[in-house]
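What follows is a short report on a single structure.
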Amino acid sequence: MEPTNFIEDIIIEDLKTGKHKSIVTRFPPEPNGYLHIGHAKSICLNFGLAEEYDGVCHLRFDDTDPASEDPEFVEAIKRDVKWLGFDWGDNLFHAADYFEALYEFAVELIENGNAYVDDLSPEEIRKYRGSWTEPGKNSPYRERSIEENLDLFKRMRAGEFPDGAKVLRAKIDMGSPNMNMRDPIIYRIKRMPHHRTGDDWVIYPMYDFAHPLSDALEHITHSICTLEFEDNRPLYDWFLENTSVPSRPRQIEFARLNLAYTITSKRRLARLVELGHVGGWDDPRVPTIAGLKRRGYTPESIRDLCERVGVAKNNSLVDMAMLEHCVREDLNKRAPRRMAVLRPLKVVIENFPEDKVVEVEAINNPEDPSMGKRKLPLTREIYIEQEDFMEDPPRRYRRLAPGREVRLRYGYVIKCEDVIKNDEGEVVELRVSCDFDTLGGKTPDGRKVRGIIHWVSAEHAVDAEVRLYDRLFTVENPAEREDFVDYVNPKSLEILTGCKLEPSLKDGALGSFYQFERQGYFCIDTEDSKPDSLVFNRTVALRDTWAKIQQRNG
RNA sequence: UGGGGGAUCUGCUAAUGGUAGGCGAGAUGAUUUUGGAUCAUCGGGUCCAGGUUCGAAUCCUGGUCCCCCAGCCA
């Protein structure tokens, strides 16, 4: 049996003792930005738990602050959750849909003497709050009568006071060692149209108040959030205890996902986008779900990652290698293999007749015979990868060098006879000879040819732009730096033009993924690729043990 | 400084008083028409100090280190 995490243990126990007959979880994003890989963990957790334990998971937009929210984001979020493979069915909600009910709960709090209208300014409120070492002071308005509070709150709603003039606060304990309990603000006046309720409201509830009550209204059983809300839990419970809610959800906190060399914070991501360090929320370098999707990551690989990293309460920084392993494993099974030369070097096979075209047979995916085979045209002039030739090769180099042999993948063995250079001394062309007895992997005389390189027929090649990506930041944990934007990797994007692809790649659909043999996994860019100007993104390079050996030696 | 959390291989995570295990990364070898994939093998850990116990990663005591909280953000 799969090991369970501590949240599952709680659920199993609650189901066993009959505390709950079935579970209801929720994923509650604020529509103020795009979802990222950290949210993916939460989505997988909440929806995954619902699937596993035969419950349901709601998608609820936590839209209590019109200042930062935008309907563009709600659509993007819905798209991303769906893309990840989850379905909320009819359970799509907005905290804004509960504004009237929430208002009533606030009135109830006032009626029970548990909330009051405060006239203190924001600065005064901050001062009165005290500090970690000093208790706060009661507001002079704390002891207003219930009637006065009711009247004032009603007039706050009616728009009689300017923004910021008054707030509604819970009356708890200004001396509490937990800052959250020092009479937290539960309503503020903000004249700002809301993306769902328009101009209906000039007062908006705060998260701490709206969240537990929304959970209760939806009969959420397990309200799962991240660690930084641990201190808010007593307040979460306080609101449930002091209002007549229809159910009693339980808040459980887990550690958010952090990935090395990137950021998983909506606010910071938003800044990168605003500052123009990346092309947008779906820039393939950015760990948003939209970015990962555009980069070529599959939903399966992201879900796999979330499963592998597990759920616990330790702050952790997950190695990018884990994510990369997940995509490679998925794409290895599913991606059709193709030939693509990224940095072309022209090669003329001197004993190959001018007009001859040999159609060689190539396997589409050695991991999956059902994907079939295809024909590749081989002609006198071909392109190979520049790095597959070295004039003065190091030890153990298995590719082409003057006088050396190499096999063309699925083709013949060729031998480098001559090297042609330009005036700068750069190698611009190779003249080679071909051994026509070596098709099909054979060498009739039994000689060993270790190197195998990929190639594309010059005459048949399709040109393309290929975008290579590197880590977005130069430091492992940019979020902990004073200003993370100082560490954006200037080399995070490398654009290659004039890449030579095998002809079958011309008709690929947007978003389709391939393995370029010996290179990595690539997908057709959904935004910029056009039939006559193809653009590919490199999702992830293949593991490269040769590069590793070289790095070790040099 | 008050409060709330957390510490297990190099990274992530199991073991719920009874053999410290898995995955990733790394190394080595086999195999291979991708220096890919696959397979096999190896190395490597309980924050520290005491205590309870036949037995402690787990329970107790005392330390150390790390994270979070003083928005009319969520």
Side-chain angles (χ1 to χ4, degrees), chain A residues 2-6 9 28-30 32 62-65 67-68 118 120-122 125-127 129-136 163-164 166-169 176-182 184-190 204 206-208 210-211 225-234 253 255 257 260 266-267 305 307-326 328-329 332-333 337 339 362-363 366-367 396-399 407-411 413 438 440-442 449-454 480 515-520 541-549:
Chain A
E2 288 278 294
T4 55
N5 61 55
F6 77 99
D9 293 343
E30 184 189 16
N32 64 346
D62 220 340
D63 47 4
T64 54
D65 181 13
S68 51
D118 196 353
L120 254 27
S121 70
I125 287 183
R126 183 161 29 83
K127 273 195 207 120
R129 193 150 31 218
S131 71
W132 289 327
T133 44
E134 305 156 80
D163 287 11
K166 290 184 185 341
V167 289
L168 184 70
R169 301 177 73 174
S176 172
N178 181 344
M179 286 288 177
N180 293 299
M181 303 299 272
R182 320 246 261 226
I185 292 168
I186 60 186
Y187 267 92
R188 72 279 214 186
I189 304 172
K190 213 178 240 194
Y204 292 98
M206 299 285 288
Y207 164 86
D208 281 311
H211 205 86
C225 64
T226 45
L227 251 30
E228 66 269 27
F229 291 100
E230 276 180 317
D231 287 342
N232 299 54
R233 182 162 17 102
E253 310 86 12
L257 172 65
K266 239 194 282 182
R267 275 151 231 241
L305 174 83
E307 212 152 286
R308 286 177 197 242
V309 299
V311 177
K313 298 190 73 158
N314 307 343
N315 284 310
S316 62
L317 188 62
V318 173
D319 203 326
M320 198 58 101
M322 183 82 93
L323 213 209
E324 293 182 343
H325 169 82
C326 293
R328 288 198 189 104
E329 190 176 76
N332 177 48
K333 289 176 300 198
R337 312 289 126 121
M339 299 280 222
I363 295 165
E367 303 294 315
R396 298 216 270 166
Y397 186 76
R398 304 218 289 244
R399 286 107 98 158
R407 176 176 292 283
L408 296 177
R409 175 83 159 145
Y410 296 121
V413 172
T438 54
K442 293 187 293 278
V449 178
R450 288 277 275 165
I452 298 158
I453 63 172
H454 60 277
E480 73 182 5
Q515 185 198 93
F516 290 174
E517 294 220 14
R518 305 208 306 133
Q519 299 278 2
L542 248 28
R543 278 186 63 203
D544 190 347
T545 48
W546 170 244
K548 224 173 289 172
I549 291 166

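A, B, ... follow the sequence lines: proteins, then strands. Residue 1 opens every chain. The basis for the numbers below is simple: all heavy atoms, side chains too, and nothing from hydrogens, waters or symmetry mates. Quick caveat: nothing in here was measured; it's all calculated off a predicted structure.
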### Query
Using Watson-Crick and G-U wobble pairs with both distances under 3.5 Å, what is the 5'-to-3' dot-bracket string of RNA chain B, with [ ] for crossing pairs and | for pairs outside the strand?
.((((((...(((....[..)))..(((((.......)))))....(((((..]....))))))))))).....

### Task
May I ask whether Trp132(A) stacks on the base of C69(B), given the cut-offs of 5.5 Å between ring centres and 30° between planes?
yes

### Query
Toward the 5' end of RNA chain B, which comes first, Arg409(A) or Met206(A), by nearest nucleotide?
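On the 5' side of the pair lies Arg409(A).
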
### Message
Judged by each residue's nearest nucleotide on RNA chain B, which is more toward the 5′ side, Thr133(A) or Arg126(A)?
### Response
Thr133(A)

Given [options], the nucleotide with the shortest approach to the side chain of [X]:
{"X": "Glu30(A)", "options": "G35(B), C73(B), C12(B)", "result": "C73(B)"}
{"X": "Asn178(A)", "options": "G3(B), C12(B), A37(B)", "result": "G3(B)"}
{"X": "Pro122(A)", "options": "G24(B), G35(B), C72(B)", "result": "C72(B)"}
{"X": "Asn314(A)", "options": "A74(B), A27(B), A7(B)", "result": "A7(B)"}
{"X": "Glu517(A)", "options": "A14(B), A25(B), U34(B)", "result": "U34(B)"}
{"X": "Arg543(A)", "options": "C23(B), A37(B), A25(B)", "result": "A37(B)"}
{"X": "Ala312(A)", "options": "U13(B), A37(B), U34(B)", "result": "U13(B)"}
{"X": "Met179(A)", "options": "A74(B), G35(B), A70(B)", "result": "A70(B)"}

Side-chain donor/acceptor of [X] to base of [N], under 3.5 Å:
{"X": "Asp231(A)", "N": "G3(B)", "answer": "yes"}
{"X": "Glu230(A)", "N": "G3(B)", "answer": "no"}
{"X": "Arg399(A)", "N": "G35(B)", "answer": "yes"}
{"X": "Gln515(A)", "N": "U34(B)", "answer": "yes"}

Nearest-Å distance, [atom1] ([X]) to [atom2] ([N])?
{"X": "Arg233(A)", "N": "A74(B)", "atom1": "CZ", "atom2": "P", "value": "20 Å"}
{"X": "Arg337(A)", "N": "U34(B)", "atom1": "CZ", "atom2": "C1'", "value": "8 Å"}
{"X": "Asn315(A)", "N": "G4(B)", "atom1": "CG", "atom2": "P", "value": "17 Å"}
{"X": "His454(A)", "N": "G35(B)", "atom1": "NE2", "atom2": "P", "value": "10 Å"}
{"X": "Ile452(A)", "N": "U33(B)", "atom1": "CD1", "atom2": "C1'", "value": "4 Å"}
{"X": "Leu317(A)", "N": "C67(B)", "atom1": "CG", "atom2": "P", "value": "13 Å"}
{"X": "His325(A)", "N": "C23(B)", "atom1": "NE2", "atom2": "P", "value": "10 Å"}
{"X": "Asn5(A)", "N": "C12(B)", "atom1": "CG", "atom2": "P", "value": "17 Å"}

### Between G43(B) and A7(B) - P atom distance, rounded Å
28 Å

### Message
Is there a side-chain hydrogen bond (donor to acceptor under 3.5 Å, both in side chains) between Asn232(A) and Asp208(A)? Walk through the geometry before answering.
### Response
CA-CA 7 Å; Asn232(A) 299 54; Asp208(A) 281 311; 2.7 Å; yes

### Query
Mind checking what makes salt bridge (Lys or Arg N to Asp or Glu O under 4.0 Å) contact with Glu253(A), not counting sequence neighbours?
Arg233(A), Lys313(A)

### Message
Regarding Thr226(A), tell me which of base, sugar-phosphate or nothing describes its non-hydrogen contacts under 4.0 Å with the strands shown.
### Response
nothing

### Message
Regarding Gly440(A), tell me which of base, sugar-phosphate or nothing describes its non-hydrogen contacts under 4.0 Å with the strands shown.
### Response
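Base, at least one base atom sits under 4.0 Å.
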
[X] side chain N/O closer than 4.0 Å to the phosphate oxygens (OP1, OP2) of [N]?
{"X": "Arg518(A)", "N": "G35(B)", "value": "yes"}
{"X": "Lys190(A)", "N": "C73(B)", "value": "yes"}
{"X": "Thr545(A)", "N": "G36(B)", "value": "yes"}
{"X": "Lys548(A)", "N": "G26(B)", "value": "yes"}
{"X": "Arg129(A)", "N": "G71(B)", "value": "yes"}
{"X": "Arg188(A)", "N": "A74(B)", "value": "yes"}
{"X": "Thr64(A)", "N": "A74(B)", "value": "yes"}

### Message
Could you report the tightest heavy-atom contact between Glu367(A) and Lys333(A), atom names first, then the distance?
### Response
CB-CA, 4.5 Å

